[in-house]
Participant: 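This is the structure I have questions about; it appears just below.
Proteins get letters first, then strands, A, B, ... in listed order; numbering begins at 1 in each.
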Amino acid sequence: DSGVTQTPKHLITATGQRVTLRCSPRSGDLSVYWYQQSLDQGLQFLIQYYNGEERAKGNILERFSAQQFPDLHSELNLSSLELGDSALYFCASSVDGTEEIQYFGPGTRLLVL
Amino acid sequence: GENVEQHPSTLSVQEGDSAVIKCTYSDSASNYFPWYKQELGKGPQLIIDIRSNVGEKKDQRIAVTLNKTAKHFSLHITETQPEDSAVYFCAAFSNTGNQFYFGTGTSLTVIP
């Protein structure tokens, strides 16, 4: 158990809908990362937050957004969902968001029908 | 930005044999290289890491080597066991992009 929690574990929705994925980092970690893992691809970095502020942005679509709240939990919002958005979404946390060890959560499996 | 390539994509070995997975990176500013193991239905778990000021690091049956000049690093697993079967990812942290870049993964199968 990494100490990072993600909810929900599974999510099934329809195209065009909007969903919110939630992540709670390990106790003491200030930085949260979001990744997308599709069937044939590795981990694609989406976005990183540090202590409530956006720190780095990867291949995140404009239909996706995220935020980190004062209690350090983070939410990833996916809107106007398409079939191709079906994937595993992982959250990871680290102490300060630099070249430090990342701890991954168990992921949320999103299926868009 | 950084580009991390990982080979092979699949690897099958007999139990007890060694397994080697190789990664190359492009950004000379990358300075931290973790390896993750992902079992079915779970999130990636860090198994070993190496920083750019070190050439080799070992932890029991697992070792990682880094060649900064050639920009490649490798994961070595000795005396493989069936429970080593999983997908392994390499990653590089680039100070240029201030983020981690991951390889595409290697599916390792250890045959009993």
Participant: So, taking the atom named OG in A:S94 and the one named CZ in B:F93, what distance separates them when rounded to the nearest 0.5 Å?
Facilitator: 8.5 Å
Participant: Mind listing the side-chain donor-acceptor pairs of residues 101-113 of chain A below 3.5 Å, one per line with the distance, residues two or more places apart or on another chain?
Facilitator:
residue, atom, partner, partner atom, Å
A:Q102, OE1, A:Y35, OH, 3.0
A:Q102, NE2, A:Y35, OH, 3.1
A:T108, OG1, A:P8, O, 2.6

Participant: According to a hydrophobic-cluster definition based on side-chain heavy atoms being under 4.5 Å apart (Ile, Leu, Val, Met, Phe, Trp, Tyr only), do B:F100 and B:V87 belong together?
Facilitator: yes
Participant: Counting only non-hydrogen atoms closer than 4.5 Å, does B:Y101 touch chain A with its backbone (N, CA, C, O), its side chain (CB onward), both, or neither?
Facilitator: neither
Participant: For the atom pair CG (A:L43) and OH (B:Y36), what is the distance rounded to the nearest 0.5 Å?
Facilitator: 9.5 Å
Participant: Show me the donor-acceptor pairs, under 3.5 Å and distance only, between side chains in residues 77-84 of chain B and residues at least two apart or in other chains.
Facilitator:
residue, atom, partner, partner atom, Å
B:T78, OG1, B:R61, O, 3.3
B:T80, OG1, B:Q14, O, 3.3
B:T80, OG1, B:G16, N, 3.4
B:T80, OG1, B:D17, O, 2.7
B:D84, OD1, B:R61, NH2, 2.9
B:D84, OD2, B:R61, NH1, 2.9
B:D84, OD2, B:R61, NH2, 3.3
B:D84, OD2, B:Q81, N, 2.8

Participant: Would a hydrophobic clustering, with Ile, Leu, Val, Met, Phe, Trp and Tyr connected at side-chain separations under 4.5 Å, put B:I21 with B:F33?
Facilitator: yes
Participant: Can you tell which part of A:K57 gets under 4.5 Å to a heavy atom of chain B, answering side chain, backbone, both or neither?
Facilitator: backbone
Participant: Following the transitive rule for hydrophobic clusters with a side-chain heavy-atom cut-off under 4.5 Å over Ile, Leu, Val, Met, Phe, Trp and Tyr, establish whether B:I47 and B:F89 coincide in one cluster.
Facilitator: no
Participant: Flag yes if more than 12 heavy atoms outside A:L83 fall under 6.0 Å of its CG atom; otherwise flag no.
Facilitator: yes
Participant: Heavy-atom cut-off 4.5 Å, strictly under: side chain, backbone, both or neither for B:P34 against chain A?
Facilitator: neither
Participant: Quick check on the interface: out of B:K42, B:Q45, B:Q38, who has the most heavy-atom pairs with chain A under 4.5 Å?
Facilitator: B:Q38
Participant: Side chains of B:F102 and A:Q37: does their closest heavy-atom pair fall under 4.5 Å?
Facilitator: no
